[in-house]
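Structure first, commentary second.
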Amino acid sequence: MGIGPLPTMRMYWWVKRHAFMRNELIASTMPRDMFLAILRYLHVADNESRPPDNRIYKVQQLVNNFNTASQSAYNLPRDISVDETLIPCKGRSFLKQYIKNKPHKWGLKLWSLACSATGYMWKVSVYSGRQHNLVEHGLAYNVVMSLCEGLYHKFHRLYMDNFYSSVPLFLDLLQLDMYCVGTVRRNRRYLPPEVIDPTELKRMKRGDTIFKRHGALLCLTWKDTRDVTSLSTCHNAQGNNTVQRKVIDADGAFAVVNVPVPPCIFDYNMKMGGVDLSDQNCMYYKIQRRTRKWWKVVLFRCIDLAITNAWILMKKTTGKDISHLEFRLQLAEELIGSKSFRKRPGRPALQNRLWQRHFPKKSPNSRRCYVCSLRAQPGVRPKDSSYCCNDCQPPVYLCVDPCFAIWHTQRDI
């Protein structure tokens, strides 16, 4: 359903009305009412054993299982990134957030840690609202430290944006043998005044850099179209990297010039998008559908993340350059296989259908022909008939030609 989305679930089973919308693979695998009943009564947590202090208990075990499976299947490379993910959701929920600079303004927020190169989602955490037991460094500090548990003393490089970056966080992670790189807001505490002085920043030209170092911690401001302030515990202040910018020359025409850029900002732009890459892969063929239950939104996203992670693992382990679409198609075929949850019509206990006199009779109702149902191929709907044989008990609905004669003359159908 993520590959061929339709406005409503019922359209996958349509027969008479707009039958061109019908999906034969889905319709032949499971009846519509069975699928909708499973989706309606589906739960991933026991409501009777609700813990009093856990606001996301409905999905807590699901998220824990996803994190355990993701971490056991993949060894992260050096470069990783932390960011938030907003799952679109407009239902009623105390967890719903509003972020104005996101494509979808309203939704549920996930804190995420992913591989910068592949977008493999390594760990997620559902934001459950304001907590009253935060330490002095605040929410962002706690989020990063929680996501990085299990990665200490492995010398990773963690990239983050200005929501998370702070001097105490970078120094504490450096003590745990984890390097950090990220932009930082100039109103953060403990930043050197020389780097954020407005008077000095106005004198700078494009490409200029002001920096201050304290041990391994580097703080700098780079002049581009805007002033960019950054922190790093693993970079030098100067390097040979450049970026291209369009400027207006003396003749009034646009010209492309190379502007020097500090290594930490150059690497940040290249390696910060791990979480965004994972979100992009999930949005191509997402299985999420409109629902009033907030926890089902998290369930759908975890399924999409699991499929995306499996696709990345397959490409990494087999070396095959398979597309995301082709992987999902193969996955659906392997999961369905030859299974079908549709009940084949049972053979009535008729002992006299081959030797007594039987006559077709017109019925006000129409039902599926019994012989057509027995001989129907997978994915092909049997014909309906309004003629039945009342001499057979129970009555059997049959096509006048040729099913009526077949049923009463052939022993093996």
Side-chain angles (χ1 to χ4, degrees), residues 1-7 9 35 38-45 54-74 76 80-99 101-116 118-129 143 146-147 163 273-314 324-325 327-328 331-332 335:
M1 294 183 179
I3 297 175
L6 294 176
M9 290 267 190
F35 179 85
I38 293 175
L39 188 63
R40 177 181 180 182
Y41 297 108
L42 177 65
H43 280 273
V44 294
N54 191 347
R55 307 174 72 181
I56 58 171
Y57 77 97
K58 283 182 174 290
V59 295
Q60 187 64 69
Q61 189 60 43
L62 171 70
V63 173
N64 292 342
N65 293 340
F66 170 80
N67 290 336
T68 301
S70 299
Q71 295 168 20
S72 62
Y74 191 82
L76 287 173
I80 56 179
S81 61
V82 168
D83 205 352
E84 71 270 2
T85 299
L86 196 69
I87 313 175
C89 176
K90 291 188 177 180
R92 293 184 179 181
S93 174
F94 58 88
L95 300 175
K96 188 170 60 176
Q97 299 289 309
Y98 175 80
I99 302 179
N101 60 348
K102 293 290 185 181
H104 300 277
K105 312 299 181 184
W106 293 95
L108 306 180
K109 185 188 291 186
L110 296 182
W111 310 114
S112 308
L113 187 147
C115 172
S116 297
T118 62
Y120 183 91
M121 189 63 68
W122 197 78
K123 190 174 184 179
V124 296
S125 177
V126 182
Y127 177 60
S128 58
V143 168
S146 175
L147 291 176
F163 176 78
V275 177
D276 293 335
L277 179 58
S278 177
D279 292 343
Q280 181 181 1
N281 291 329
C282 289
M283 295 301 291
Y284 285 143
Y285 312 107
K286 63 178 181 179
I287 66 171
Q288 180 179 344
R289 293 294 182 266
R290 295 182 60 181
T291 176
R292 298 179 182 178
K293 305 295 184 180
W294 66 267
W295 62 267
K296 285 187 178 180
V297 176
V298 180
L299 171 63
F300 293 147
R301 176 50 64 95
C302 286
I303 296 175
D304 280 329
L305 288 174
I307 296 174
T308 303
N309 285 353
W311 170 57
I312 295 172
L313 285 173
M314 180 179 180
H324 193 185
L325 175 60
F327 176 79
R328 284 188 176 248
L331 178 63
L335 289 177

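Predicted model, so just to flag it, every value in this text is computed and none were measured. The analysis underlying the following values was restricted to heavy atoms, covering all of them including side chains, and did not include hydrogens, waters or symmetry mates.
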*Would you confirm whether Y120, through its side chain, and S70, through its main-chain N or O, come within 3.5 Å as a donor-acceptor pair?*
yes

*Do the side chains of F94 and R55 get nearer than 4.5 Å, heavy atoms only?*
yes

*Between atom CG of D83 and atom CG of L113, what is the distance when rounded to the nearest 0.5 Å?*
10.5 Å

*asked:* With rounding to the nearest 0.5 angstrom, report the CD to CG distance, Q288 to D304.
replied: 8.0 Å

*With a 4.5 Å limit on heavy-atom distance, are the side chains of C282 and L305 in contact?*
yes

*Classify the ring geometry between Y127 and W111 as parallel (under 30°), tilted (30 to 60°) or perpendicular (over 60°).*
perpendicular

_Between N67 and Q71: side-chain donor-acceptor atoms closer than 3.5 Å_ = no

*Taking the side chain as every heavy atom from C-beta outward, state whether S93 and L108 have any atom pair closer than 4.5 Å.*
yes

_A side-chain contact here means heavy atoms from C-beta on lying under 4.5 Å apart; do L62 and L299 qualify?_
yes

_Pair D276, Q280: side-chain N/O donor-acceptor within cut-off below 3.5 Å_ = no

*asked:* Please check: side-chain N/O of K123 versus main-chain N/O of S146, any donor-acceptor pairing under 3.5 Å?
replied: yes

_So that I can tick it off, tell me whether D279 and R301 are bridged by a salt bridge, with the cut-off set at under 4.0 angstrom between side-chain N and carboxylate O._
yes

*Y285 vs H324 aromatic rings, parallel, tilted or perpendicular, using cut-offs 30° and 60°?*
perpendicular

*Does the T118 side chain pair with the main chain of C115, one donor and one acceptor, at a distance under 3.5 Å?*
no

*Verify, without hydrogens or angle tests, whether K296 (side chain) and L39 (backbone) share a donor-acceptor contact under 3.5 angstrom.*
yes

*asked:* Just checking K96: does its NZ atom have more than 12 heavy atoms from other residues, nucleotides or ligands closer to it than 6.0 angstrom?
replied: yes

